[in-house]
2 protein chains.
Amino acid sequence: MTEQPVMTPAAERVLEVVEKLFYDNGIHAVGVDMIAAEAGVTKKTLYDRFGSKDAIVRLYLERRDARWREHVTAVVEQPGRFSPRRRVLLMFDALESWMAAENPRGCAFVNALAELPDPDHPARPAIASEKQWVLDYLRQLVRETGARNPRKVAASLFMLFEGAAVAASFDVVAGAVAGARDAARQLLDAAL
Amino acid sequence: MTEQPVMTPAAERVLEVVEKLFYDNGIHAVGVDMIAAEAGVTKKTLYDRFGSKDAIVRLYLERRDARWREHVTAVVEQPGRFSPRRRVLLMFDALESWMAAENPRGCAFVNALAELPDPDHPARPAIASEKQWVLDYLRQLVRETGARNPRKVAASLFMLFEGAAVAASFDVVAGAVAGARDAARQLLDAAL
DNA sequence: TGGTAAGTATACCGGTCAGTTTAGTTCGAC
DNA sequence: GTCGAACTAAACTGACCGGTATACTTACCA
């Protein structure tokens, strides 16, 4: 989450280009030569700015996480004062529009974890923190509904949430996110 | 699912060794030299038996899928004649024991999909078929309970199922699979 | 006016990638 | 007793990996 001070134009171009390359092709499959070529930047510049590929991977995930959180909070906390119960369900609307607009390859953080098994990889904190944030946010929203067992309910909604992303990326269930939202409503209402 | 006719001892060793290497480190991170060395086999032999790394990847996923289906059906269809409702929930017991015994790196098929974005990769059918089987099996089990809307209920349980695996691999929710089973019971009972 | 940061262009490093080649060994079956 | 299948050993290919080195240009700023 620690946003870098200022990015030079070339560095900014690299981070823009990398967002699509890493997500679409996977991290290992994208080499630094391809990144430099696609961004219209020399490898020298790339290494002067970032120092290593791993650092670029870290920034890729941190920036994507930041965009994702902005998207979610913009949907959930939109003006109009929705009820706490409604705000919980808006999380799933946020996921639905994110998946539709962004990409069909599932959760970038789940995918990144699959590619980076090393617990000491510099990008791991960014990966862990995204999921922790989603869970914490759900917990807060559920708590505000006054539901019984808010932690347990939030955990169930979290799994529906992540499962919906998996189901959508495998294209095995039609209307996965909408179905997850329906199930979430049922679980939530049963605890109210 | 098409199991190969007969594997020579060396080929069998390769497939045994690859199961752990690919799952633990990811597919891209494991080279054919490492596979050959770990299996105590020459690269020549490896290529004589399998022809390409992609073919080994395909067999890795097919064999893991076969083991997984055997595990699930052994738990769900264990002698003692459980009720249909109980058998649905046994799916989650199967997942729990699988995760505990096998590995903490989440679903191998979700991870493989993250690493193999090419829709034409020879291993893709194996990846898709595992998830389709889980969904179909859940549909069948739910149908046998006589629940209303069996397809919709099964889809919700499927997402809880996949989400539990993600939650467990991120280690963000304690007792993820047990929590998913509780939520599944609630959704199922509401449809009976 | 002179220094510095940001950039280009290009060649290079050692290592690893998937895959091939050549030569020789072991062993059971017909 | 010979043929073939399964295997070892080891060198090799060309491409690509992440990362570095050298030399030069541009532009702003004190």
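Computed from a predicted model, the values in this text were never measured in an experiment. Order of the sequence lines fixes the chain letters, A, B, ..., with proteins taken first and strands second; residue numbering starts at 1 for each chain.
- Among the nucleotides C:dT8, C:dA18, D:dT8, the one closest to any side-chain atom of B:Val41 is D:dT8.
- Distance NE2 (A:His121) to C1' (D:dG18): 12 Å, rounded to an integer number of Å.
- Between B:Arg49 and D:dC7, a side-chain N or O to OP1/OP2 separation shorter than 4.0 Å is present.
- Distance B:Met34 CE to C:dG15 C1': 13 Å, rounded to the nearest Å.
- Checking B:Asp33 against A:Val32, the closest nucleotide of DNA chain D that is more toward the 5' end is the one next to B:Asp33.
- Atoms CD1 (B:Ile35) and P (C:dA18) sit 7 Å apart, rounded to a whole Å.
- Regarding A:Met7, its CE atom lies at a distance of 11 Å from the P atom of C:dG7, rounded to whole Å.
- For the pair B:Arg85/B:Arg185, a side-chain contact is recorded, criterion being any heavy-atom separation below 4.5 Å from C-beta on.
- Residues satisfying the salt bridge (Lys or Arg N to Asp or Glu O under 4.0 Å) test with A:Asp93, not counting sequence neighbours, are A:Arg181.
- Contact annotation: A:Thr42 side-chain N/O to C:dT10 OP1/OP2 distance is not under 4.0 Å.
- Ring planes of B:Phe161 and B:Trp68: tilted class, angle from 30 to 60°.
- Counting non-hydrogen atoms under 4.0 angstrom, B:Gly51 reaches nothing in the nucleic acid.
- One interatomic measurement links the two molecules: CG of B:Leu46 to C1' of D:dT8, which rounds to 13 Å at whole-angstrom precision.
- When side chains are defined from C-beta on, A:Leu21 counts as touching A:Met34, because their heavy atoms get closer than 4.5 Å.
- Atom P of nucleotide D:dG18 and atom NZ of A:Lys43 are separated by 8 Å, given to the nearest angstrom.
- In this structure the side chain of A:Val75 never reaches within 4.5 angstrom of the side chain of A:Met91, judged on heavy atoms.
- Considering only side-chain N and O atoms, A:Thr8 lies under 4.0 angstrom from the phosphate OP1 or OP2 of C:dG7.
- Taking 4.0 angstrom as the limit, A:Lys53 places a side-chain polar atom (N or O) nearer than this to OP1 or OP2 of D:dG18.
- Regarding B:Asp48, its CG atom lies at a distance of 14 Å from the P atom of C:dG19, rounded to whole Å.
- Here C:dC17 presents its C1' atom at 16 Å from CD1 of B:Ile27, a figure rounded to the nearest Å.
- Between B:Thr45 and D:dT8, a side-chain N or O to OP1/OP2 separation shorter than 4.0 Å is present.
- Checking D:dT22, C:dA23, D:dG19 against the side-chain heavy atoms of B:Lys44 singles out C:dA23 as nearest.
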